[in-house]
Amino acid sequence: MSDRTTISSATEVDLMQIVALHRLLDFAVSESLAGNVDDSVMEGVVILTRMVGHKVRLVANRVLGGDAASRNDCNPCCE
């Protein structure tokens, strides 16, 4: 017997966005480690880190049934 969880299409989209954001963050950090660093790369790393954290919290709340699951109006860059 398998225990299978069904997720909404909105949650599925958020998960795909997390993957895409993580890939961008990985690229930015790789560029930084390769010595291709300027203020815009570091600023991008900070913004992407905040966006990934925001999306992860959003999906976790939605999957776990938290009360913040219906809120998607906050700006992740201002946390």
Legend entry - Heavy-atom side-chain contact between Leu25 and Leu21 under 4.5 Å: no
Inset, instruction - Using side-chain hydrogen bond (donor to acceptor under 3.5 Å, both in side chains) as the criterion, list what pairs up with Gln17, not counting sequence neighbours. - result: Lys55
Inset, instruction - Considering non-hydrogen atoms only, spot the tightest contact between Val45 and Ala28 and give its length. - result: CG2-CB, 3.6 Å
Legend entry - Residues clustering with Val46 (ILVMFWY side chains joined when closer than 4.5 Å, directly or via others): none
Inset, instruction - Kindly write out the residues that satisfy side-chain hydrogen bond (donor to acceptor under 3.5 Å, both in side chains) with Glu31, not counting sequence neighbours, or none if the list is empty. - result: Asn36
Legend entry - Val37: hydrophobic cluster co-members (side-chain, 4.5 Å): Met42
Inset, instruction - Look at the side-chain heavy atoms of Ile, Leu, Val, Met, Phe, Trp and Tyr, link any pair under 4.5 Å apart, and say whether Leu24 and Leu33 land in one connected group. - result: yes
Inset, instruction - Using atom types as modelled and distance alone, determine if a side-chain donor or acceptor of Arg57 lies under 3.5 Å from a backbone N or O of Gly53. - result: yes
Inset, instruction - Apply side-chain hydrogen bond (donor to acceptor under 3.5 Å, both in side chains) to Ser40 and list each qualifying residue two or more places apart in sequence or on a separate chain. - result: Asp38
Inset, instruction - Could you tell me which residues satisfy side-chain hydrogen bond (donor to acceptor under 3.5 Å, both in side chains) with Ser8, sequence neighbours excluded, listed by chain and number? - result: Thr11
Legend entry - Which residues share a side-chain contact (heavy atoms from CB on, under 4.5 Å) with Val56, sequence neighbours left out: Ile18, Val52
Legend entry - Interatomic spacing from NE2 in His54 to CG in Asp14 - rounded to 0.5 Å: 8.0 Å
